[in-house]
Number of protein chains: 2
Amino acid sequence: MTTEFAPPGPLDARDATRLRVLQCIRSAGAISRTDIAQALDSSPATVTSACVALLEAGLIREEQRPPSENVQRGRPRVMLQINGDALAVAGMKVARDAILVMIADFKGDEIGTYVSPLAQSRMSPDQLVQEVRRALDAACAALDMSPDQIAGLSLGMPGFVNGESSFMHWSSSVTERNVNFAPLFRRDLPCPTFLDNDANLVAKAEHLFGAGKGLRNFLVVTIEHGVGMGIVLNGELYRGERGCGAEFGHMKVQFGGALCQCGQRGCLEAYVGDYAMVRDAFTGRQVDAAKTIQDILDAARGGDTLAQEVLDRASQILGVALANLVNLFDPEHIVLARSRPPFDHPYSETLLNALRQNTVQVDAPLPEITVRNLNEMMWAKGATAHGIEMVTLLKLRGEGAEDAA
Amino acid sequence: MTTEFAPPGPLDARDATRLRVLQCIRSAGAISRTDIAQALDSSPATVTSACVALLEAGLIREEQRPPSENVQRGRPRVMLQINGDALAVAGMKVARDAILVMIADFKGDEIGTYVSPLAQSRMSPDQLVQEVRRALDAACAALDMSPDQIAGLSLGMPGFVNGESSFMHWSSSVTERNVNFAPLFRRDLPCPTFLDNDANLVAKAEHLFGAGKGLRNFLVVTIEHGVGMGIVLNGELYRGERGCGAEFGHMKVQFGGALCQCGQRGCLEAYVGDYAMVRDAFTGRQVDAAKTIQDILDAARGGDTLAQEVLDRASQILGVALANLVNLFDPEHIVLARSRPPFDHPYSETLLNALRQNTVQVDAPLPEITVRNLNEMMWAKGATAHGIEMVTLLKLRGEGAEDAA
DNA sequence: AAAATTTAATTTTCTCGGTGAAATAATTGT
DNA sequence: ACAATTATTTCACCGAGAAAATTAAATTTT
């Protein structure tokens, strides 16, 4: 077992082909060599040799009994599929009060989840890495696994992060700025570890497994306490020049508008983030307990005019902001991802109207909008998707190295 | 002389290396084979063979007298440079009252310009192509050239255009919607002709020859009658899924705000476009003649408070809108391109302040902002840049085909 | 049931772009 | 003139991918 946790660099031509074949199999679920060749527009010979390598590496396997559905003449196709048992990865999300952990197999299927509570919501880098270690060990223990079985760990974190170098410019979870986490990970964690912005990871998950499968240009907008975004352009995650783009939550939608937690005014987040809506809906009222978004939804359903107004305004503002994204990026698809509590019907209706009314008018139809009501674990699941991708690259490079040795 | 005007498709590996070498030479101005090999991280042998092909095709040439500056021991390097005389391209911009033409050599240097007046600002597709033909012939005549000498024509047009297929969804210059210009070009024009959005072409020019040279992520914002944008991401022009993105001018900056020429409210353009500023500065006044932006600038300098306010507000709004772009794209660089009349000092100051105050705070410095005061011909020049790129691709593919024949 | 047919996958042979090593070219320094 | 140095070219080779031929595994026909 190697101990080199270098970030996966560019692949040579051969490994790139193997990766393409692997991704083709992954996105198809089960597919024959012939169909892979057709899908990738390459020769059967190339596919065969790539599959030999992937089979030897244990990353894929042949389906044993094709249920002989549509029986054809000729030699039957052998279906290939991802070998889920090949390895396991851990995906984690640093939230305010806990680290959320999901362990997934190589297929992306959940093996189990775990919530590791945090004493404070802000920590030093060292403390954070220790907490990650603790979370990993506890999750493995709870799932009856050994940490050795984890082939890679992907960590999602709010803030400005350069995912390629594991360098964090700033995060609300960390007391320091400008921290290079790579050496800390190497020192304290038993497996290759990758860091990225949390919304980027959700986008990656949608790209690999979700609504963005196979798409080249799409956006994932996360709406929770704050508002985040992941951008996939030309089939790749777009991170910006310094890893601090995609700050949809801080797009200014009103001059001198509502105060945002970032200290500026008029940010989208200051209108549609959970904290902002709670603030607006309960300002100046006698409130006996801490209120949440759920209380607003309940109040609105119960006929509370102010609550209804707050929801309505938020929907409208979000719709206009999304229209801005459509006008700028012209994406194929937008995924609105939210954990608890889910988007409501009236919410979506107002939103879609505002969207339609504020996009530039073309004959072509609007991009599709998918609303995803998930649970908190969507963040950790996003991280597993990224982890699987990273570990795959390591594996391919690793196998290549073995050949050479 | 071939007559196949097929759009340049993807290149094979060999032509791709030749193209990389050519671009390396172009961006360096003059460079030796050894340095090219180093810059492209490839072997000297590869560079040699690519250069042989490029020299044979006449696209580059060896510099005759290296002025023996820093004399070194050993065999002196032979400097290679683009052969400007290799070919000429025409760049055109469809403006409201004229087609602006620039003829440039293969180096990108201007051979000459020409303005071909238009009777109407909106035409049928056929009429437009005829006008283009007329403009080409007239420009060539004026510059003492034959249209046969033009290796390619690139046409910039406002509106939603798919640059890869020459399909126009909509343009303010054309009376019809959803027109495929490719067959019209083939029918009526004597050389390969390419269509794209005008702002995209300015971005291309900045990328090849201007402030964006060598950059991977940058934006070009054009501010004139309307507001446009070209986006370069990962070193390539980003056009969106359907070719109707980058509509920065129609980003909503105010709910229910000022009326835009697109019919919607609150668009950036409705605050900072020329027409909007003129409208704001002279509404409700006794005006004796048609006013222009220049009149506002003059009035403001002369102490006119309303004019000053209009300028100030436009600067501030543009600054906030640019901050949104920075927050979303995190670019290396933003070019503000404008022809007549130039940005003023106070304009830029207010703008930069608004920009600073509305970008997400990171330790990393803001992207650089270049203000470009150009003349009307910047649009046509942008088109020549694109034309050069397209014709280069044709040439490379063409030479390959000749080899085969 | 054997042979023919059909489709899938593998093996073989070949092509071609790129590379390293060796050769050649064009200088300066002694 | 000759050695040293650096740039470029030539040449033999490698390796990834492709076309063609072969083998494999089924069904259909006879």
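In what follows, every chain begins at residue 1, and chains take the letters A, B, ... in the order their sequences are listed. Keep in mind it's a predicted model, so treat the numbers as computed, not measured.
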If you check the [X] side chain, which of [options] turns out closest?
{"X": "R77(B)", "options": "dT8(D), dA16(D), dT5(C)", "answer": "dT8(D)"}
{"X": "R14(A)", "options": "dT10(C), dA16(D), dT11(C)", "answer": "dA16(D)"}
{"X": "P76(B)", "options": "dG17(D), dA19(D), dA26(C)", "answer": "dA26(C)"}
{"X": "T48(B)", "options": "dT9(D), dT19(C), dA18(D)", "answer": "dT9(D)"}

Does [X] pair with [Y] as a salt bridge, N-O distance under 4.0 Å?
{"X": "R33(A)", "Y": "E62(A)", "answer": "yes"}
{"X": "K381(A)", "Y": "E110(A)", "answer": "no"}
{"X": "D15(A)", "Y": "R397(A)", "answer": "no"}

>> Let me spell it out: for each of R75(A) and R33(A), pick the nucleotide of DNA chain C with the closest heavy atom. Which residue's pick is nearer the 5' end?
In response: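 Taking each residue's closest nucleotide, the earlier one in sequence belongs to R75(A).
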>> Here's a test of your reading of the structure: between V78(B) and G74(B), which maps to the more 5' nucleotide of DNA chain D?
In response: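 Upstream on the strand: G74(B).
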>> By the 4.0 Å heavy-atom rule, please label A13(B) as base, sugar-phosphate, or nothing.
In response: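 Sugar-phosphate contact only.
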>> With salt bridge (Lys or Arg N to Asp or Glu O under 4.0 Å) as the criterion, how do R216(A) and E241(B) come out once you've worked through the C-alpha distance, each side chain's angles and the decisive distance to 0.1 Å?
In response: CA-CA 8 Å; R216(A) 293 184 54 75; E241(B) 189 59 26; over 6 Å; no
> Below 4.5 Å, heavy atoms only, C-beta onward: do L215(A) and V232(A) meet side chain to side chain?
Replying inline: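 Not in contact.
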> Has S42(A) got a side-chain N or O lying under 4.0 Å from the OP1 or OP2 atom of dG17(D)?
Replying inline: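 So the side chain of S42(A) is outside the cut-off, no N or O lying under 4.0 Å from OP1 or OP2 of dG17(D).
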Give the rounded distance in Å between these two atoms: [atom1] of [X] and [atom2] of [N].
{"X": "R73(A)", "N": "dA25(D)", "atom1": "CZ", "atom2": "P", "value": "18 Å"}
{"X": "I60(A)", "N": "dA9(C)", "atom1": "CD1", "atom2": "P", "value": "12 Å"}
{"X": "D35(A)", "N": "dA8(C)", "atom1": "CG", "atom2": "P", "value": "8 Å"}
{"X": "L19(B)", "N": "dG17(C)", "atom1": "CG", "atom2": "P", "value": "16 Å"}

>> Cation-pi check for F106(A) against R26(A): NZ or CZ below 6.0 Å from the six-membered ring centre and within 45 degrees of the axis, yes or no?
In response: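 Yes, a cation-pi geometry holds between R26(A) and F106(A).
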> So, N217(B) versus E332(B): side-chain donor-acceptor pair below 3.5 Å or not?
Replying inline: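 Side-chain D/A pair, N217(B) to E332(B): absent.
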>> Contact list please: residues 23-32 of chain A against DNA chain D, heavy atoms, distance less than 4.0 Å, in numerical order.
In response: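 DNA chain D contact set from residues 23-32 of chain A: none.
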